[in-house]
Amino acid sequence: MLTDNEILEIAKKYIKLNEEEINIKLIIVEQLTINKPYGNIYSYGPKDSTKHRLAGNGPFLVKNDTGIVIQFGTSNDVEYYIKGYEDGTWKPSTHGVWDPNQN
């Protein structure tokens with residue numbers, strides 16, 4: 001089982017990959033972090049929100065057993081994705097899953 005600090009480091013690595021792709025400095029909005037028994041869910045945005053706006057930056061889950069990142073969508077609120085993940089009715093797309101152990 002990963003610690004909260006290890007999970008946060010994986011989240012930061014995931015954000016860094018997104019930064020490099022879009023060339024905008026990003027930050028995790030720590031006060032929006034949701035802790036669950038299976039991992040932590042993080043929200044993020046641009047560091048300079050007066051200069052940059054993002055689209056498609058939905059929250060993401062870092063699983064505490066594997067470190068795998070699961071990107072949630074943006075068309076519904078986070079509770080929709082959490083409920084669907086927990087009851088098995090929502091599945092991430094293949095491009096919405098990132099394994100930090102394979103990169």
State which residues pass side-chain hydrogen bond (donor to acceptor under 3.5 Å, both in side chains) with [X]; sequence neighbours excluded, sorted by chain then number.
| X | result |
| --- | --- |
| D4 | N40 |
| Y14 | Q71 |
| E9 | none |
| N5 | none |

Partners passing side-chain contact (heavy atoms from CB on, under 4.5 Å) against [X] (at least two apart in sequence or in another chain):
| X | answer |
| --- | --- |
| I82 | I34, K36, Y38, I41, F72, V78, E86 |
| E20 | K16, L17 |
| S75 | Y81 |

Tabulate below the donor-acceptor pairs under 3.5 Å that side-chain atoms of residues 58-70 make, not counting sequence neighbours, or state none.
unit_1: N64; atom_1: ND2; unit_2: P37; atom_2: O; d: 2.9
unit_1: T66; atom_1: OG1; unit_2: I68; atom_2: N; d: 3.2

Exercise for review: State the CD-CD1 distance between E19 and I27, to the nearest 0.5 angstrom.
Suggested key: 10.0 Å
Check your understanding: For E21, does the CD atom have more than 12 heavy-atom neighbours from other residues, nucleotides or ligands under 6.0 Å away?
Key -> no
Exercise for review: Identify, with sequence neighbours excluded, every residue that meets salt bridge (charged side-chain N to carboxylate O under 4.0 Å, His left out) alongside K83.
Suggested key: D87
**Study point:** Audit row: L8, I28, side-chain contact (heavy atoms from CB on, under 4.5 Å) steps and yes/no
**Key:** CA-CA 9 Å; L8 180 58; I28 292 174; 4.0 Å; yes
Review point. Does M1 sit in a hydrophobic cluster with other residues, and if so which ones, taking ILVMFWY side chains as linked at heavy-atom separations under 4.5 Å, directly or through other members?
Key: none
Review point. Are I7 and V29 co-members of a hydrophobic cluster defined by side-chain heavy atoms under 4.5 Å apart?
Key: no
